[in-house]
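Heads up, the thing below is written out as structure tokens.
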Amino acid sequence: KSGQRVISMLIASDSPVLTATENGYGKRTLADDYPVYGRGGQGVIGIQVSERNGNVIGAVHADDSDEVMLISGGGTLVRTRVNEISIMGRNTQGVRLIALSKDENLVGIERIVEVKDENEEDADASATGRDPE
């Protein structure tokens with residue numbers, strides 16, 4: 001509708017959704033809390049937008065083993081473990097993810113996926129006694 005815009009579009013999965021707002025607040029919400037609509041749906045509320053929170057800046061799938069990078073407009077980068085962020089329902093305000101100065105806003109959130117090279121996989125496999133293939 002007029003005045004609205006898409007912030008994030010995710011493929012349905014079992015992973016919780018991490019939502020963040022411009023004033024540095026966010027939360028994780030279980031995937032089961034998001035209803036599935038057919039074509040023509042108008043979306044669902046993922047986090048409360050308020051004066052405290054500001055507007056939503058992004059949402060990503062985030063499992064307990066993941067980390068996320070929070071990026072501010074002033075150039076601050078904070079890397080944090082996802083399992084340290086509270087799981088809450090969709091219609092709540094969330095918790096502080098990053099402390100920002102008064103003239104700074106959160107502008108991005110990205111999931112960090114750990115990539116292992118072949119040597120690390122071989123070392124992990126030999127440590128557990130299993131075949132790396």
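Shown here for Thr29 and Gly89, the closest heavy-atom pair between the two residues is OG1-O, 3.8 Å. For the residue pair Thr80 and Glu84, the shortest heavy atom distance occurs at OG1-OE1, 3.5 Å. Residues Asp63 and Pro16 approach most closely at OD1-CD, 3.6 Å, considering heavy atoms. Pairing each heavy atom of Ala59 with each of Leu10, the nearest pair is O-CD2, 3.7 Å. Counting all heavy atoms, side chain and backbone alike, Ser15 lies closest to His61 at O-ND1, 3.5 Å. Residues Glu104 and Ser72 approach most closely at OE2-OG, 2.6 Å, considering heavy atoms.
In terms of hydrophobic clustering, with Ile, Leu, Val, Met, Phe, Trp and Tyr side chains grouped at heavy-atom distances under 4.5 Å, Ile112 and Val68 are assigned to different clusters. No path of Ile, Leu, Val, Met, Phe, Trp and Tyr side chains, each step under 4.5 Å between heavy atoms, connects Met69 with Leu97, placing them in separate hydrophobic clusters. Following chains of ILVMFWY side-chain contacts shorter than 4.5 Å, one cannot reach Val107 starting from Val56, and the two form parts of different hydrophobic clusters. Linking ILVMFWY side-chain heavy atoms closer than 4.5 Å, directly or via other members, places Ile47 and Val82 in two distinct hydrophobic clusters. Hydrophobic clustering (side-chain heavy atoms under 4.5 Å, transitive across Ile, Leu, Val, Met, Phe, Trp, Tyr) keeps Ile71 apart from Leu106.
No side-chain heavy atom of Ile7 sits less than 4.5 Å from a side-chain heavy atom of Ile57.
Atom OH of Tyr25 is separated from atom OG1 of Thr92 by 13.5 Å, given to the nearest 0.5 angstrom. The CE atom of Met88 sits 12.5 Å away from the CG atom of Asp33 when rounded to the nearest 0.5 Å. Taking CZ of Arg90 as the reference point, atom CG of Leu30 lies at 12.0 Å (rounded to 0.5 Å). To the nearest 0.5 angstrom, Ile98 atom CD1 is 8.0 Å from Leu77 atom CG. How far CZ of Arg111 is from CG of Leu18: 11.0 Å, rounded to the nearest 0.5 Å. Within the model, atoms CG of Asn105 and CD of Glu22 stand 5.0 Å from one another, a figure rounded to the nearest 0.5 Å.
The closest donor-acceptor contact from the side chain of Asn53 to the backbone of Gln93 lies under 3.5 Å. The closest donor-acceptor contact from the side chain of Asn23 to the backbone of Arg52 lies under 3.5 Å.
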